[in-house]
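So the structure is just underneath, and the comments pick up after that.
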Amino acid sequence: MERREDHYSNYFVQSPSTVFHDPESEFQSPIRSDSAPLVLSSVNEFPRYSDFLRNSENNFLYEDDEKRLVPLGTSNSSWWIVLQVGWRFLFSLGVALLVFYIATQPPHPNISFRIGRFNQFMLEEGVDSHGVSTKFLTFNCSTKLIVDNKSNVFGLHIHPPSIKFFFGPLNFAKAQGPKLYGLSHESTTFQLYIATTNRAMYGAGTEMNDMLLSRAGLPLILRTSIISDYRVVWNIINPKYHHKVECLLLLADKERHSHVTMIREKCRLVS
């Protein structure tokens, strides 16, 4: 069976009075009637109409050789309106948030640190797992973190503070506190603890014990690192503050191993 392809052409119907009588470009209807004959002319012969269909300024498209006109401008204009409205909304929101932040900008919080007391501080002789004789340190110390939040609107979020004890360059104890929260326009005191149990000190142990029993006392350094922030607008606007506190203290064992006393304390804000 032979495959037959159908070809369709687009035609305009025009009155015989307006058509040039050229026998090569003119087709008469095979069905005749008493009325005046109709003459069909190809669309391609009238560029004025074909250009209108193909390149219409009104955004119309002629599809599939079927006489259907499909509007294209409606969808594009709708997206453009949505884009314009969304952009203006985001811009207005950004300006409003900026004005709100400037009007309620929280001041820098004040952070201070104090050492409470040593509930226990013991250096005892012992042998480690390798059979080496050394001094073992056990101690428990309480500290106070004082946060002065001067903002009248926002609470202060405090990340877990880091506390470390040093004897010279040796870091012999460290601790990390919990997350804290300072209420707006209030000064809040938080109690923090740092401790260690049976920490082998090796060569430093003997030196620490000798200085503890001397008149000069045992010098220790406590370093604290604190990060705080105000969450003005969720996580979009949240100014952060870094605080570092360093405390120098002297311990003395005036009652010969029965009780350790802190004879001097001086804390300063490093940054």
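We use all heavy atoms of the structure for the numbers below, so side chains are in, but hydrogens, waters and symmetry mates are not.
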Is [X] linked to [Y] within one hydrophobic cluster, defined over Ile, Leu, Val, Met, Phe, Trp and Tyr using a side-chain heavy-atom separation of less than 4.5 Å?
X    : Y    : value
L269 : L145 : yes
V245 : I221 : no
F166 : I163 : no

- Query: Hey, what else clusters with W87 if you join Ile, Leu, Val, Met, Phe, Trp, Tyr whenever side-chain heavy atoms sit under 4.5 Å?
  - Reply: none
If a pair satisfies disulfide bond (SG atoms under 2.5 Å apart) and one of its residues is in [range], list it, with sequence neighbours excluded.
range            : result
residues 101-216 : none
residues 143-211 : none
residues 142-250 : C247-C267

- Message: Test of understanding: with side chain to side chain contact (heavy atoms under 4.5 Å, CB included), list the residues that count as partners of R264, not counting sequence neighbours.
- Response: L250
- Could you pull out all residues at least two apart from V95 that satisfy side chain to side chain contact (heavy atoms under 4.5 Å, CB included)? F91, V99
Could you check if a side-chain atom of [X] sits within less than 4.5 angstrom of a side-chain atom of [Y], using non-hydrogen atoms only?
X    : Y    : result
E246 : F113 : no
L251 : I263 : no
L156 : V147 : yes
M201 : M208 : yes
F167 : M211 : yes
P178 : L180 : yes
V153 : S184 : no
F165 : L249 : yes

- Can you name the salt bridge (Lys or Arg N to Asp or Glu O under 4.0 Å) partners of R114, sequence neighbours left out? none
- Task: Check whether the side chains of S228 and H243 place a donor and an acceptor atom closer than 3.5 Å, and report yes or no.
- Result: yes
All N/O donor-acceptor pairs, side-chain side in residues 116-131, below 3.5 Å, sequence neighbours left out:
from, atom 1, to, atom 2, distance (Å)
R117, NE, N119, OD1, 3.3
E125, OE2, K135, NZ, 3.2
D128, OD1, H130, N, 3.0
D128, OD1, G131, N, 3.0
D128, OD1, V132, N, 2.6
D128, OD2, Y202, OH, 2.9

Pairs under 3.5 angstrom only: tabulate donor-acceptor contacts from the side chains of residues 187-200 to other protein residues two or more places apart or in another chain.
from, atom 1, to, atom 2, distance (Å)
N198, OD1, T138, OG1, 3.4
R199, NH1, F172, O, 2.9

- Message: N238 vs V232, test: side-chain contact (heavy atoms from CB on, under 4.5 Å). Steps then yes/no.
- Response: CA-CA 6 Å; N238 58 332; V232 179; over 6 Å; no
- Which pairs, with at least one residue in residues 141-150 and sequence neighbours excluded, count as a side chain to side chain donor-acceptor pair (under 3.5 Å)? N149-Y230
- If you look only at pairs with a residue in residues 151-180, which of them pass as a side chain to side chain donor-acceptor pair (under 3.5 Å), with sequence neighbours excluded? N152-H185, H159-D229
- Message: Going by the rule ring pair (Phe, Tyr, Trp, His ring centres under 6.0 Å), which residues pair with F89 if we only count those two or more places apart in sequence or in a different chain?
- Response: none
- Message: As a quick check of understanding, evaluate side-chain contact (heavy atoms from CB on, under 4.5 Å) for I111 and I226, giving each step before the final call.
- Response: CA-CA 9 Å; I111 300 290; I226 303 167; 3.9 Å; yes
- Item | Atom of F154, atom of R231 and distance for their closest heavy-atom approach | CD2-O, 4.3 Å
- Item | Approximate separation, where rounding is to 0.5 Å, of N110 CG and S112 OG | 8.0 Å
